[in-house]
Amino acid sequence: MIEKIKASKSEKVILIFIVTLAIFFFGSFFLIKDKCLFVKNYDPLKITFDNPKNIAILNVTCGNVIIELYPNISPNAVKRFKQLINTKSYDDVAFHRVIKDTLVQAGDLEFGKKGNLNYGKIGTGKSGLGTINSEVDTPFNFDKGSVGFARGQKYNTEDSQFFIILRDEPLYETEYTPIGKVIYGLEALEKIKYLDKSQYVLRPDFINSLRMLVD
Amino acid sequence: MSLIRLIILSLFIFTQTQADTIYNLIKIPNLEIYDIKTPNKLRYLYAKQPFTLGVEKNINCYNSEKKILDQKYKIIKKNLNRYSQEFLKKINLKYIVLCEDLSISNINTAGIPDHIMKTLILDIKFNEDYFERVIHHEVFHIINDSFKKLFDEDVWSKFNVKEFEYAECSTCTDKLGLDTYTNTNGFLTEYSRSTASEDMAEVFSHLMIGLNLDSLDPILEKKIHFIKTNLLKIDETFIL
């Protein structure tokens with residue numbers, strides 16, 4: 001006759017602990033691997049926009065980021081941005097400067113293209129179209145999701161690089177030229193690759209595509 | 001010993017990139033926003049901790065108690081509100097940094113203007129007697145630096161008597177007195193005699209706080225005319 005041995009209380013606790021540990025281990029393995037797991041991907045065709053001519057769709061690793069452009073605030077900057085979008089210049093361009101929970105910056109068309117990255121010069125590249133004047137006089141709230149043109153130390157040096165802020169930056173008003181605001185999909189930008197010790201990213205994430213909703 | 005090294009190394013490794021917007025904009029560390037909702041769009045920042053600047057780290061300033069900061073801010077704001085947003089834009093002044101015991105190479109100073117970075121650092125504990133005047137004095141240095149050609153030092157120097165010569169720099173002289181002379185004789189204060197630029201700044205600051213124009217000597221009258229004329233070239237709406 002085989003005697004049935006009951007597990008002691010401490011054995012049960014250990015078993016539960018091991019099972020929980022295993023669940024966490026395998027669960028986190030999949031969660032860590034897929035950084036876009038909980039990021040909602042917005043389909044612009046299913047959204048109604050007041051002014052579709054000023055809607056730009058930035059497609060990144062974790063989905064679509066839908067940006068409303070403000071030509072009334074910065075006519076020249078928006079014109080340049082649309083020009084570069086329409087020539088597909090931003091496709092395969094790196095998010096070369098990323099500060100966690102603060103901003104992502106991309107748009108170096110000369111040194112930031114996939115397959116032609118130049119880590120020594122990235123951030124200094126030009127579009128070949130020349131610089132445009134800063135448009136900083138119209139009041140604008142640089143709150144989370146705002147999109148602006150990057151520039152050098154001096155005003156009137158905007159070219160093709162742009163940034164999107166991931167937190168409110170009130171000091172940016174009158175410093176940077178606003179282009180627009182992210183209205184859907186900011187979460188996808190929060191997953192863009194960053195480094196802990198540097199603003200400039202080694203092996204960065206890239207823009208898949210940037211298109212106007214209406215050509 | 002190796003344990004200490006390990007701790008230091010791990011601190012370095014785990015130190016994250018700081019998202020310091022103010023530092024990125026004006027290259028001064030340890031600052032926080034004090035007030036940015038101002039009528040002329042000046043942004044007031046204060047030292048949260050002491051900071052050191054310069055290639056040789058020779059500029060130092062310290063944080064203040066909140067009570068003193070609040071008290072001095074009212075005075076500073078009242079004075080700087082006299083400059084319009086348009087004027088400030090023309091002279092390239094946007095950020096006012098408030099701190100105390102400001103010094104360059106261990107020499108105490110009331111302010112450090114930097115028109116390139118659009119910044120004026122102000123020592124909020126500088127001499128109480130002349131505090132308001134000193135604010136305008138430092139603003140003039142921003143104006144002067146932004147419009148060097150207008151405020152030509154050679155032209156200015158010729159207003160003085162032939163025998164007079166300014167010192168090489170404002171810190172290479174012991175002429176530092178800020179009391180206003182009763183007998184002006186071409187200069188408003190002892191400090192005016194240090195350099196042409198300081199002389200101009202003294203005239204400007206006295207005009208801003210309301211100089212008694214009844215008993216002026218001919219040299220000062222020319223200097224005042226020079227300052228007023230050139231300010232109107234920068235901004236025709238500027239009121240002294």
Side-chain angles (χ1 to χ4, degrees), chain A residues 95-105 123 133-146 148-158 161-178 186 189-190 192-202 204, chain B residues 8-48 80 83-98 114-121 142 145-146 235:
Chain A
F95 285 101
H96 65 273
R97 183 171 174 246
V98 184
I99 309 172
K100 188 190 175 194
D101 299 330
T102 303
L103 68 77
V104 297
Q105 186 172 327
N133 287 344
S134 304
E135 293 167 289
V136 294
D137 291 333
T138 309
F140 185 82
N141 285 330
F142 271 92
D143 47 17
K144 190 175 175 175
S146 297
F149 251 139
R151 61 167 170 84
Q153 190 69 46
K154 291 181 178 174
Y155 286 112
N156 307 327
T157 54
E158 287 84 346
Q161 289 187 49
F162 66 95
F163 62 82
I164 303 172
I165 51 174
L166 308 177
R167 68 176 188 186
D168 295 351
E169 292 286 8
L171 289 175
Y172 280 15
E173 189 187 7
T174 70
E175 279 291 344
Y176 295 107
T177 301
L186 197 65
L189 293 175
E190 287 163 353
I192 298 288
K193 186 183 172 185
Y194 62 88
L195 297 183
D196 283 335
K197 288 192 283 179
S198 168
Q199 296 183 7
Y200 290 85
V201 186
L202 193 68
Chain B
I8 293 168
L9 189 68
S10 60
L11 277 174
F12 177 75
I13 289 167
F14 294 112
T15 301
Q16 294 221 330
T17 305
Q18 291 299 305
D20 190 340
T21 303
I22 299 172
Y23 182 79
N24 286 336
L25 287 171
I26 62 170
K27 309 298 175 210
I28 302 177
N30 304 337
L31 301 182
E32 283 205 347
I33 293 173
Y34 186 84
D35 187 8
I36 56 171
K37 290 175 182 166
T38 58
N40 53 9
K41 296 274 183 189
L42 271 179
R43 281 97 188 273
Y44 293 89
L45 312 168
Y46 72 100
K48 195 182 160 195
L80 293 181
Y83 302 98
S84 70
Q85 187 188 345
E86 292 71 31
F87 182 74
L88 292 170
K89 196 178 171 190
K90 283 176 185 169
I91 65 168
N92 232 15
L93 177 59
K94 190 187 266 186
Y95 300 98
I96 306 295
V97 176
L98 311 172
D114 182 349
H115 76 293
I116 304 289
M117 300 308 289
K118 299 173 282 187
T119 304
L120 172 60
I121 308 173
I142 295 267
D145 291 341
S146 298
D235 183 348

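Just so it is clear: chains get the letters A, B, ... in the order the sequence lines come, proteins before strands, and each one is counted from 1.
- Under the side chain to side chain contact (heavy atoms under 4.5 Å, CB included) criterion, B/I33 pairs with A/P170, A/L171, B/I22, B/I36, B/L45, not counting sequence neighbours.
- Look at B/K118 and A/E175 and you find a salt bridge, because one of the NZ, NE, NH1 or NH2 atoms lies within 4.0 Å of a carboxylate O, short of that distance.
- Both the backbone and the side chain of A/E173 come within contact range of chain B, judged by heavy atoms closer than 4.5 Å.
- In this view, A/F162 and A/F81, A/Y90 satisfy the ring pair (Phe, Tyr, Trp, His ring centres under 6.0 Å) rule, not counting sequence neighbours.
- Within 6.0 Å of atom NZ in B/K48, 12 or fewer heavy atoms from other residues, nucleotides or ligands are found, so the atom counts as exposed in its surroundings.
- A/F163 pairs by the ring pair (Phe, Tyr, Trp, His ring centres under 6.0 Å) definition with A/Y172, A/Y176, not counting sequence neighbours.
- To the nearest 0.5 Å, atoms CD1 (A/I165) and OG1 (B/T21) are separated by 8.5 Å.
- Inspection of non-hydrogen atoms places B/K89, B/K94, B/Y95 of residues 86-97 of chain B under 4.5 Å from chain A.
- For A/D137, the part lying near chain B is the side chain, with the backbone staying farther off; criterion is any non-hydrogen pair under 4.5 Å.
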